[in-house]
Amino acid sequence: MYMDKTRPPHWTPPAGHKSEIEGTSAMAQNAQSATEKPKKHHGWLIFFVVVFLLIIGIATAVAATGVYAVPVLTGVFKSDQPIDLGISNDPAYLETLYAKVPMTISSTRTNSLVNMFEGQIDVHMRGTSEEITAWLTRFEGDNPAFSNVQVNMIEGGMEVSGIVNEYIHAPAYIKAGVTMSTNKSIDLTVAAAKIGRVSVPQHYLDDVEKYFEDHINAQMARTEGFSMEKLEYHSGYSDFVGTLPARAFSHDRGWSALLID
């Protein structure tokens with residue numbers, strides 16, 4: 001029989017002493033614990049990373065819309081600025097437009113769209129994207145629903161970009177086909193729309209289309225002295241033959257009052 005000669009007979013281990021077997025078992029337990037703790041720590045790390053990425057994703061989406069300014073991200077997306085359509089906004093183009101359309105814009109203010117126009121003039125004109133953009137800027141009004149507007153005529157319609165100040169404050173963009181329906185109405189087909197840099201989902205485009213078509217046609221119907229014989233859109237210009245009011249009165253909301261009231 002093997003005897004541990006280093007231990008005296010009847011030797012009992014002191015308190016806290018562990019045998020080699022017990023020591024080995026304790027070491028195994030410590031090793032297992034050491035492997036379990038990093039796993040727990042790793043789980044929390046994944047959780048925080050996922051939450052962080054989620055927050056970044058939401059902030060990015062909000063910044064891209066331009067509805068709210070998100071530090072850094074809004075600047076990256078430039079979502080607080082209208083999409084630049086490359087149209088020069090030069091007041092000099094107003095003079096060339098006035099030569100084509102001798103309508104008088106009175107400084108007298110009115111809050112009634114019904115009494116906003118009077119008289120009638122015959123018009124046979126070709127208007128450019130620059131002329132229309134300059135006119136919209138000049139008669140934006142003090143409290144416009146739409147500001148910083150650019151209009152780019154394209155084949156069969158137009159692109160429009162600007163800032164929407166009604167209900168939200170954000171850049172917006174719309175691309176639409178425009179055709180004459182009657183002498184006082186149009187058919188509008190919206191091909192694309194954006195709020196900030198985020199595209200409006202396809203199933204909402206019908207609502208956008210109906211809103212603008214209804215408002216434009218309602219205004220055409222009630223505008224004294226307005227009628228169309230020809231309306232065509234081409235790249236960089238539009239052709240219009242018909243009649244327009246001889247005089248228009250100023251409105252606090254400028255021309256955009258025609259689309260929201």
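Side chains are part of it too, since the values below use all heavy atoms of this structure and drop only hydrogens, waters and symmetry mates.
In this structure, the side-chain contact (heavy atoms from CB on, under 4.5 Å) partners of H234, at least two apart in sequence or on a different chain, are E155, E232, Y237, D239. In this view, S199 and K194 satisfy the side-chain contact (heavy atoms from CB on, under 4.5 Å) rule, not counting sequence neighbours.
Going from atom CD1 of I216 over to atom OH of Y211 covers 10.0 Å, rounded to the nearest 0.5 Å. Considering CG of N152 and OG of S129, their distance stands at 4.5 Å, rounded to 0.5 Å. The distance from the CD atom of E224 to the OG1 atom of T243 is 10.5 Å, given to the nearest 0.5 Å. Once rounded to the nearest 0.5 Å, the distance linking CD of E95 with CD of E131 reads 11.0 Å. The CD atom of E209 sits 8.5 Å away from the CD1 atom of I174 when rounded to the nearest 0.5 Å. Note: T137 OG1 to Y93 OH = 12.5 Å, rounded to the nearest 0.5 Å.
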Practice task
Take V241 and V123, measure what side chain to side chain contact (heavy atoms under 4.5 Å, CB included) needs, and give me the verdict at the end.
Solution key: CA-CA 6 Å; V241 177; V123 175; over 6 Å; no
Handout entry: side chain to side chain contact (heavy atoms under 4.5 Å, CB included) evaluation trace for I132 with M158
Key = CA-CA 11 Å; I132 300 303; M158 66 178 72; over 6 Å; no
Practice task
Take E213 and V190 through the side chain to side chain contact (heavy atoms under 4.5 Å, CB included) test and state the conclusion after the steps.
Solution key: CA-CA 10 Å; E213 184 175 282; V190 176; over 6 Å; no
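One hydrophobic cluster, built from ILVMFWY side chains closer than 4.5 Å, holds both M228 and F212. If you chain together hydrophobic residues whose side chains sit under 4.5 Å apart, V149 and Y173 never meet in one group. Note on V160 and F240: same hydrophobic cluster, where clusters join Ile, Leu, Val, Met, Phe, Trp and Tyr whose side-chain heavy atoms are under 4.5 Å apart, directly or indirectly. Clustering ILVMFWY residues whenever any of their side-chain heavy atoms sit less than 4.5 angstrom apart, transitively, puts L85 in a cluster other than the one holding V200. Cluster annotation: F139 is connected to L97 through the hydrophobic network of ILVMFWY side chains, with a link wherever side-chain heavy atoms come within less than 4.5 Å.
For Y98, the OH atom sits in a packed shell: over 12 heavy atoms of surrounding residues, nucleotides or ligands are nearer than 6.0 Å. Atom NZ of K100 sits in a crowded spot, with more than 12 heavy atoms from other residues, nucleotides or ligands closer than 6.0 Å.
Nearest heavy-atom pair across N89 and A134 is OD1-CA, 3.8 Å. Smallest separation of non-hydrogen atoms from P82 and S161: CB-OG, 4.2 Å. For S185 against N217, the heavy-atom pair with the smallest separation is CA-OD1, 3.2 Å.
With a 4.5 Å cut-off on side-chain heavy atoms, W135 and V101 do not count as touching. Residues L244 and F226 have side chains in contact (heavy-atom distance under 4.5 Å, counting atoms from C-beta outward). Residues M220 and I186 meet the side-chain proximity criterion, which asks for heavy atoms closer than 4.5 Å. Counting heavy atoms from C-beta on, the side chains of M103 and P245 come closer than 4.5 Å. Side-chain contact check for T189 versus D187: every heavy-atom pair is 4.5 Å or farther apart. Using a 4.5 Å heavy-atom threshold, the side chains of V151 and I87 count as separate. Contact of the N165 side chain with the F146 side chain is not registered, since no non-hydrogen atoms from C-beta on lie closer than 4.5 Å. Inter-residue side-chain proximity for I154 and S235 is flagged as unmet; no heavy-atom pair is nearer than 4.5 Å.
Judged by distance alone, with hydrogens and angles left aside, the side-chain atoms of K230 form no donor-acceptor pair with the main-chain N or O of H124 at under 3.5 Å.
Between the side chains of Q150 and D84, a donor-acceptor pair is found at a separation under 3.5 Å.
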